[in-house]
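Data first, discussion second: the structure below is written as structure tokens.
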Amino acid sequence: MKILVVGGGGREHAIIRALKKSDGVDEIWCAPGNGGISYDAKIEPIASTDVDSMVKFAKDNEIDYVIVAQDDPLALGMVDALAEVGIPAFGPDKHAARIEASKAFSKDLMKKYNIPTAAFETFDDAQAAFGYINSLEKFPVVLKADGLALGKGVLICQTKKEALSGIQEIMVDKHFGDAGNKIVVEEFLTGPEVSVLSFCDGKTCIPMISSQDHKRAHDGDTGLNTGGMGVIAPNPYYTSEVAKVCEETIFKPTLKAMEDEGCPFKGCLYFGLMITEDGPKVIEYNARFGDPEAQVVLPLLQGDFLKICKACTEGTLDDVDFSFSDKSSAIVIVASGGYPQSYAKGKVITGLTNGQIADCEYDNVHVIHAGTKIIDGQLVTNGGRVLGVVSVSNSLKEALDDAYSEIDKIKFEDAFYRHDIGAKALACLNS
Ligand code: AMP
Ligand code: GLY
């Protein structure tokens with residue numbers, strides 16, 4: 001089979017590595033891909049949001065199956081457009097992708113179907129939002145731009161003053177563009193966060209192994225929110241008791257709600273959860289694999305990844321057997337100085353051969369590329385999150401030790417990474 005993966009970051013690289021281990025895969029394409037991905041797949045420089053060109057490419061090249069891995073093309077209806085020309089694809093259609101693309105849609109869904117989440121109000125008028133904030137006495141509050149904003153459209157406001165200027169930024173000054181035409185103002189929750197990705201076929205939802213992202217840019221959870229600076233799996237806060245509650249109160253009801261709303265969800269549904277004192281609650285849904293969650297979850301999958309994906313598309317997930325290894329995994333992201341704000345591109349990366357650590361001492365360690373490019377045969381940086389070191393081992397401690405012992409071999413100007421990925425999880429395991 002000829003497979004096309006749409007996207008060009010670390011998640012897509014992890015998906016391609018999982019596809020390479022699947023049966024019946026003859027050729028893998030990635031569009032637009034990145035420098036490091038070109039060692040594992042053929043690259044086609046089509047923007048992931050260019051639906052027409054992507055569909056034409058898939059048709060002209062007789063692609064058998066497409067994995068639409070990124071949020072924007074899903075929200076733009078790429079899966080629907082491929083279906084129109086008879087090409088099956090992994091991912092939700094445009095209607096179902098609203099579960100991520102519109103925070104107002106997902107919050108209304110949770111309210112209507114009693115799925116536990118933070119209390120909230122939605123506004124499409126800035127004056128009304130200012131008025132509401134002025135009426136509040138309890139802070140912090142959380143402001144969320146309705147639309148897609150590269151994971152940056154969430155502001156946690158400690159005071160009334162901060163919340164008023166947040167509304168100004170999102171709704172009036174349009175820092176996140178049209179994503180800020182509507183806003184959700186949400187109750188601030190506390191508790192450990194857990195990411196649970198799940199395979200869904202419209203009716204059935206099978207959760208994958210849990211993981212824990214580290215969203216802030218710097219050690220000790222300081223600095224700005226990023227797309228994610230490192231992940232560990234499994235997440236020790238996600239006990240089997242918590243998993244059972246999530247299954248009954250969140251996962252199954254969400255799939256059923258989407259079906260009842262006439263937009264059954266097929267693909268990977270990502271549950272961003274917080275384990276509060278009142279039980280697990282949904283912080284966000286994503287309509288795709290998490291990035292960098294996919295990079296640690298997929299290496300633990302025991303089963304044929306392509307077969308599972310196709311079963312999601314075909315509505316036959318109950319017929320496929322798979323499980324997850326009892327090992328642990330970790331990824332530490334190496335980012336460009338300045339990320340998630342402005343940063344330089346084009347810095348030469350050293351220490352790698354064919355995209356992997358040149359003299360890596362561990363078979364269980366590999367590099368996933370997120371923002372790299374090959375120019376004149378040389379690998380250079382081309383994004384905020386540049387690459388990540390992934391390690392799979394018998395214990396979380398070993399996985400982290402191995403990743404950290406190799407990471408300094410990769411060098412580029414102004415590179416930085418967090419030194420405390422997994423520290424909280426290790427403390428939880430030792431408590
Ligand atoms: P989101 O993009 O919705 O995942 O939000 C980004 C991050 O903001 C989450 O991972 C949380 O750490 C934080 N966050 C979002 N919503 C809330 C909330 N209601 N209470 C506390 N923290 C939140
Ligand atoms: N790592 C968070 C996300 O993929 O949205």
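Just the heavy atoms: all of them, side chains too, but no hydrogens, waters or symmetry mates, feed the values below. Just follow the structure's listing: the first ligand is 1, and inside any ligand the first atom is 1.
One option in Leu143, Ile283, Thr226, Val185 has a heavy atom closer to atom 15 (C) of ligand 1 than any other, and that option is Ile283. Atom 10 (O) of ligand 1 has its nearest heavy-atom neighbour, among Glu193, Glu284, Met274, in Glu193. Between atom 3 (O) of ligand 1 and the options Glu100, Lys281, Lys103, the minimum heavy-atom separation is to Lys103.
Ion pairing of Glu186 with Lys281 is absent here, as no side-chain N (NZ or NE/NH1/NH2) approaches a carboxylate O to less than 4.0 Å.
Of the heavy atoms in Lys144, only side-chain atoms (C-beta onward) come closer than 4.0 Å to ligand 1. Contact annotation: for Asn286 versus ligand 2, heavy atoms closer than 4.0 Å belong to the side chain alone. For Ile156, every heavy-atom contact with ligand 1 shorter than 4.0 Å involves the side chain, none the backbone.
Contact between Phe289 and ligand 2 is absent, with no heavy atom of the residue lying under 4.0 Å from the ligand. Heavy-atom distances between Gly290 and ligand 2 reach below 4.0 Å in at least one pair.
Scanning the protein heavy atoms around atom 5 (O) of ligand 2, the nearest turns out to be Arg288 NH2, 3.0 Å.
For ligand 2, the atoms lying closer than 4.0 Å to a non-hydrogen atom of Glu293 are 1 (N), 2 (C), 4 (O). Here is the list of ligand 2 atoms found below 4.0 Å of a heavy atom in Gly227: 1 (N), 2 (C). Annotation for ligand 1: atoms under 4.0 Å from non-hydrogen atoms of Lys215 are 4 (O), 10 (O). Of all atoms in ligand 2, numbered sequentially from 1 with element shown, those under 4.0 Å from a heavy atom of Asp213 are 1 (N), 2 (C).
Arg98 forms a cation-pi arrangement with Phe105, by the criterion of a distance under 6.0 Å to the ring centre and an angle within 45° of the ring axis. Note that Lys256 lies outside the cation-pi zone of Tyr113, set by a 6.0 Å cut-off to the ring centre and a 45° limit from the axis.
Note: no N/O pair closer than 3.5 Å links Lys215 and ligand 2 by distance alone. Where the criterion is an N or O separation shorter than 3.5 Å, residue side chain and backbone included, Arg11 fails it with respect to ligand 2.
Using cut-offs of 30° and 60° on the angle between ring planes, the pair Phe90 and Phe289 is parallel. Ring-plane geometry between Phe251 and Phe271 is classed as tilted, the angle between the planes lying from 30 to 60 degrees on a 0 to 90 degree scale.
Partners of Glu259 according to the side-chain hydrogen bond (donor to acceptor under 3.5 Å, both in side chains) rule, which considers only residues two or more places apart in sequence or in another chain, are Lys203.
Side chains of Tyr132 and Ile167 form no contact here, defined as non-hydrogen atoms less than 4.5 Å apart. Arg216 has its side chain out of reach of Leu224: every pair of non-hydrogen atoms, C-beta onward, lies at least 4.5 Å apart.
Side-chain contact, Asp40 with His13: a donor N or O sits under 3.5 Å from an acceptor N or O.
Each of Val367, Val389, Val231 was scored for a side chain to side chain contact (heavy atoms under 4.5 Å, CB included) with Ile331, with one residue passing: Val231.
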